[in-house]
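Lettering follows sequence order; numbering is per chain, from 1. Given the structure is predicted, the values throughout are model-derived calculations rather than measurements.
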Amino acid sequence: GAGVSQSPRYKVAKRGQDVALRCDPISGHVSLFWYQQALGQGPEFLTYFQNEAQLDKSGLPSDRFFAERPEGSVSTLKIQRTQQEDSAVYLCASSLGTGIYEQYFGPGTRLTVT
Amino acid sequence: AQSVTQLDSQVPVFEEAPVELRCNYSSSVSVYLFWYVQYPNQGLQLLLKYLSGSTLVKGINGFEAEFNKSQTSFHLRKPSVHISDTAEYFCAVSATSSGGGADGLTFGKGTHLIIQP
């Protein structure tokens, strides 16, 4: 079956622009996670959704970062007024239920802010 | 809060030789432990996980890992590596939680496994 998909795969933004990154989780997966992976680093947790409810946003680095999942399926991570330090790969993962289920990762969106 | 330390950023190994990738963690609560592999331009793929029970866990592609609570380690091993094992390997932890809900994973910085012919 289809895995987690993300779009766009690559995004170049000028400093100060707003960007929106999309994640399509595996159909029926309840939980959805966003991670940020800087060059040469491991992924870092940003936020977590259970269906449409955002239950944890403790990892969002600033109020310029906003995520939503209005219908409990597709999710969008929005970054306002992008800055160079936002350059990273943004990974989305979904899992079947709540609790300790395997997280399936998408290929990521590589964001470059110039 | 949890943290993960992968002691080696890069490990070169000859093909068919054994390999061990080291992982240590720090946590004030009980954790679940994972190893993920990331091939170039691909998403992370779960290799294996430790939730409870036997401390030796076996995963895909011939990998295994041993949980050592006293040393807070979860080292990954493979007895004989192949060229196709060249990838980035990440160790990760998640706090065990009660009452439902899920926890984001805390990852190490990764170890680049380089297989030399």
Single-linkage hydrophobic cluster [X]~[Y], side-chain heavy atoms < 4.5 angstrom:
X: B/L21; Y: B/F14; value: no
X: B/Y89; Y: B/F67; value: yes
X: B/I60; Y: B/Y39; value: yes
X: B/V93; Y: B/F107; value: no
X: A/Y48; Y: A/V4; value: no

Heavy-atom cut-off 4.5 Å, strictly under: side chain, backbone, both or neither for [X] against chain B?
X: A/Y10; result: side chain
X: A/Q37; result: side chain
X: A/R9; result: side chain

More than 12 heavy atoms from other groups under 6.0 Å of [atom1] on [X]:
X: A/L39; atom1: CG; result: no
X: B/R77; atom1: CZ; result: yes
X: A/E44; atom1: CD; result: no

message: Within residues 78-87 of chain A, which residues come under 4.5 Å of chain B, heavy atom to heavy atom?
response: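 Listed by number: none.
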query: What heavy-atom pair brings A/Q41 and B/F90 nearest, and what distance separates the two atoms?
result: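 Where A/Q41 meets B/F90 most closely, the heavy atoms are O-CE2, 3.9 Å.
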message: Using every non-hydrogen atom in the two residues, find where B/L105 and A/F45 come nearest and quote the distance to one decimal.
response: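 Heavy atoms of B/L105 and A/F45 come nearest at O-CB, 4.0 Å.
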query: Does A/Y35 use its side chain to pair, donor to acceptor, with the backbone of B/G104 at less than 3.5 Å?
result: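 Side chain of A/Y35 to backbone of B/G104, a donor-acceptor pair under 3.5 Å: no, none is there.
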Proximity breakdown for B/Q38 and chain A, heavy-atom pairs closer than 4.5 Å: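 For B/Q38, the side chain is the part near chain A, not the backbone.
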